[in-house]
There are 2 protein chains.
Amino acid sequence: MTAASTPKGERRRQALVEAAAQLLAEGGFEAIRHRAVAERAALPLASTTYYFNSLDELISAAVEHAAQAELEAGRRRLAELTEEHHNADSMIELMLDLLLGTRSRDGGLDQVLLRYERLVGSPRRPYLAPLMRELSARLHDLLTEILAHFGVDIGRQHLLELIMLVDGAVVNALIESDPDPRATARRVLHSRLG
Amino acid sequence: MTAASTPKGERRRQALVEAAAQLLAEGGFEAIRHRAVAERAALPLASTTYYFNSLDELISAAVEHAAQAELEAGRRRLAELTEEHHNADSMIELMLDLLLGTRSRDGGLDQVLLRYERLVGSPRRPYLAPLMRELSARLHDLLTEILAHFGVDIGRQHLLELIMLVDGAVVNALIESDPDPRATARRVLHSRLG
DNA sequence: CCTTTATTGGTACGGTCGTCCCAATAAGTG
DNA sequence: CACTTATTGGGACGACCGTACCAATAAAGG
């Protein structure tokens with residue numbers, strides 16, 4: 001069964017999803033294993049197969065959970081913006097937070113790496129494709145809203161170009177000897193929006 | 001031991017590297033397993049640990065072998081260029097072949113996917129970092145030579161921007177419902193060079 | 001209360017994995 | 001030739017993996 005019909009069951013199922021999302025953030029798709037998830041959630045191994053028909057289903061739930069949380073955090077950031085920070089710099093930093101993750105601020109690489117592994121690893125997991133497209137569309141919407149909020153009126157095509165530039169900057173920064181993808185991406189955004 | 005001291009031994013070692021490179025091209029890093037490599041090379045399992053101290057060493061050798069072959073093929077292509085094909089279109093197609101692989105011509109996705117998995121997966125394999133940087137530098141050299149051969153004088157910074165654009169176009173095309181990363185990348189190059 | 005359904009958790013199966021061991025054999029060398 | 005080193009190939013070990021089974025227990029519904 002893939003659904004719980006009892007409050008406690010629902011709580012356990014959710015605990016598994018959150019544990020899987022944590023593992024995803026820490027070690028990528030490959031870190032989501034039945035045993036690892038169960039241990040992280042302090043539940044028995046078989047609970048993972050009881051609430052999810054397969055590992056893929058669990059991975060999907062984890063990806064969706066993680067992405068929803070990221071989008072919500074972004075919306076909260078947008079809502080909390082005060083007038084005093086209405087400059088291009090803070091807009092760009094907010095965009096970078098959404099595209100690369102907030103942990104990239106202090107030079108951390110792991111979160112950036114995970115995001116691009118997720119991106120590139122998705123075609124190998126066909127069951128993720130519709131979900132990824134949906135989440136990608138929502139992210140684009142949010143970015144458009146953010147730009148609009150800062151008075152930047154941007155067309156869909158121009159936004160996609162911006163995202164392409166950032167992504168290209170990141171994947172190329174990843175193999176440098178002292179990688180700082182956020183700095184590279186920031187330079188790109190400044191040259192286009194700054 | 002990591003080296004062979006006998007002609008036959010050297011041949012076997014090379015057979016393992018080629019088998020590993022084949023598997024890498026077919027299924028990515030994860031496809032390089034002791035047993036798979038040995039079977040592909042029609043050699044016993046233990047030969048893989050006899051000639052390579054670890055799986056990482058075998059993976060490194062496979063990556064280097066594959067990349068060298070790609071670079072050599074690119075150089076051959078450059079040398080074989082005749083005057084009749086001296087137009088921007090054929091230059092761009094050659095660049096796309098080098099950046100995305102020749103199998104992307106007919107819309108094939110797997111080779112493109114493999115290349116970007118290799119790119120994004122490299123930071124997780126620190127032993128690959130120096131090798132990847134070396135190979136990346138050689139690819140940049142080759143691309144510069146190609147552009148120069150077509151009369152395009154391009155600075156290092158401008159070349160890097162071009163590559164960034166292509167890579168960004170590709171990773172974003174990968175999650176589309178009917179992905180054609182080569183077409184997207186081609187559009188980008190035409191808008192900059194065409 | 002009792003029956004039916006949902007959940008629990010311990011365990012087992014069959015598989016793949018990296019790595020190691022070791023006797024048998026080939027190759028190289030004096 | 002003998003002796004030393006390189007190589008071969010078969011097998012085994014312990015660790016993980018996804019998944020399935022099943023008796024015991026808790027919850028829900030009449």
Side-chain angles (χ1 to χ4, degrees), chain A residues 1-24 26-63 117 121-122 124-128, chain B residues 1-24 26-63 117 121-122 124-128:
Chain A
M1 309 301 153
T2 177
S5 354
T6 239
K8 191 198 295 189
E10 193 56 51
R11 251 180 290 125
R12 285 186 101 147
R13 199 188 130 95
Q14 188 61 19
L16 289 172
V17 172
E18 276 161 23
Q22 276 181 32
L23 290 165
L24 176 67
E26 291 168 18
F29 289 123
E30 298 179 2
I32 305 185
R33 311 280 192 193
H34 283 111
R35 286 167 180 81
V37 172
E39 189 173 352
R40 177 66 62 103
L43 292 176
L45 167 62
S47 65
T48 56
T49 57
Y50 181 74
Y51 288 108
F52 300 91
N53 285 321
S54 72
L55 199 56
D56 294 346
E57 210 175 283
L58 183 48
I59 291 174
S60 297
V63 169
E117 284 176 347
S122 292
R124 289 232 182 264
R125 295 161 236 266
Y127 55 91
L128 279 183
Chain B
M1 307 301 155
T2 178
S5 353
T6 240
K8 190 197 297 187
E10 192 56 50
R11 251 180 289 126
R12 285 184 100 143
R13 198 188 131 96
Q14 188 60 20
L16 290 172
V17 172
E18 276 161 23
Q22 275 181 34
L23 291 165
L24 176 66
E26 289 168 19
F29 288 123
E30 296 180 2
I32 305 185
R33 311 281 190 193
H34 283 113
R35 286 167 180 80
V37 172
E39 188 172 354
R40 177 67 62 103
L43 292 176
L45 166 62
S47 65
T48 57
T49 57
Y50 181 74
Y51 288 107
F52 300 91
N53 286 319
S54 72
L55 199 57
D56 294 346
E57 210 174 283
L58 184 48
I59 292 175
S60 296
V63 169
E117 284 176 347
S122 293
R124 289 235 182 259
R125 294 161 238 267
Y127 54 91
L128 280 182

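Since we're looking at a predicted model, the values are computed, not measured. Every chain is numbered from 1, with letters handed out A, B, ... down the list of sequences.
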* Asked: Between A/Tyr51 and A/Leu58, is any pair of side-chain heavy atoms under 4.5 Å apart?
  -> no
* Report the distance from atom CG of A/Asn53 to atom P of D/dG18, rounded to the nearest whole Å. => 15 Å
* Between D/dT7, C/dT8, D/dA28, which nucleotide has the shortest distance from any of its atoms to the side chain of A/Tyr50? -> C/dT8
* Can you tell if the side chain of A/Glu57 reaches within under 4.5 Å of the side chain of A/Tyr127, non-hydrogen atoms only? -> no
* Asked: Does a nitrogen or oxygen in the side chain of A/Thr6 sit under 4.0 Å from OP1 or OP2 of D/dA26?
  -> no
* Structure fact -> On DNA chain C, more 5' by nearest nucleotide between A/Arg35 and A/Leu43 is A/Leu43
* Side chain of B/Leu45: nearest nucleotide among D/dT19, D/dA12, C/dT8? -> D/dA12
* Would one find a side-chain N or O of A/Arg33 under 4.0 angstrom from OP1 or OP2 of D/dC16? -> no
* To do: Please state how far atom CD in A/Glu10 lies from atom P in D/dA28, giving the value in whole angstrom units.
  => 13 Å
* Structure fact -> Testing C/dC20, D/dA28, C/dG28 for proximity to the side chain of A/Pro7, the answer is D/dA28
* Send over the distance from B/Glu30 CD to C/dT16 P, rounded to a whole Å. => 16 Å
* Which whole-number value in Å describes the distance from A/Glu39 CD to C/dG10 P? -> 13 Å
* Is the shortest side-chain N/O distance from B/His34 to OP1 or OP2 of C/dC17 below 4.0 Å? -> no
* Asked: Can you name the nearest heavy-atom pair linking A/Leu16 to A/Ala41, along with the distance?
  -> CD2-CB, 4.0 Å
* **5'-most by nearest nucleotide on DNA chain D - A/Ala36 or A/Ala46** => A/Ala36
* Structure fact -> In whole angstroms, the gap separating C1' of D/dA15 from CG of B/Leu55 amounts to 16 Å
* To do: Would you kindly give the CZ-to-C1' distance between A/Arg11 and C/dT7, to the nearest whole Å?
  => 13 Å
* Asked: Quick one: are A/Arg40 and A/Glu18 in side-chain contact, heavy atoms under 4.5 Å?
  -> no
* Short side-chain N/O contact to D/dA6 OP1/OP2 from B/Tyr51, under 4.0 Å -> no
* Among A/Leu24, A/Leu23, A/Ile32, which residue meets the side chain to side chain contact (heavy atoms under 4.5 Å, CB included) test with A/Ile59? -> A/Ile32
* Structure fact -> Rounded to whole Å, CD1 of A/Ile32 lies from C1' of D/dC17 at a distance of 15 Å
* Side-chain N or O of B/Lys8 less than 4.0 angstrom from OP1 or OP2 on D/dA6? -> no
* Over how many whole Å does the gap from B/Leu23 atom CG to C/dT16 atom P extend? -> 16 Å
* Structure fact -> Against the side chain of A/Arg12, the closest entry in D/dA12, D/dT19, C/dT7 is C/dT7
* Taking only side-chain nitrogens and oxygens of B/Ser47, does any of them come within less than 4.0 Å of OP1 or OP2 of D/dG9? -> no
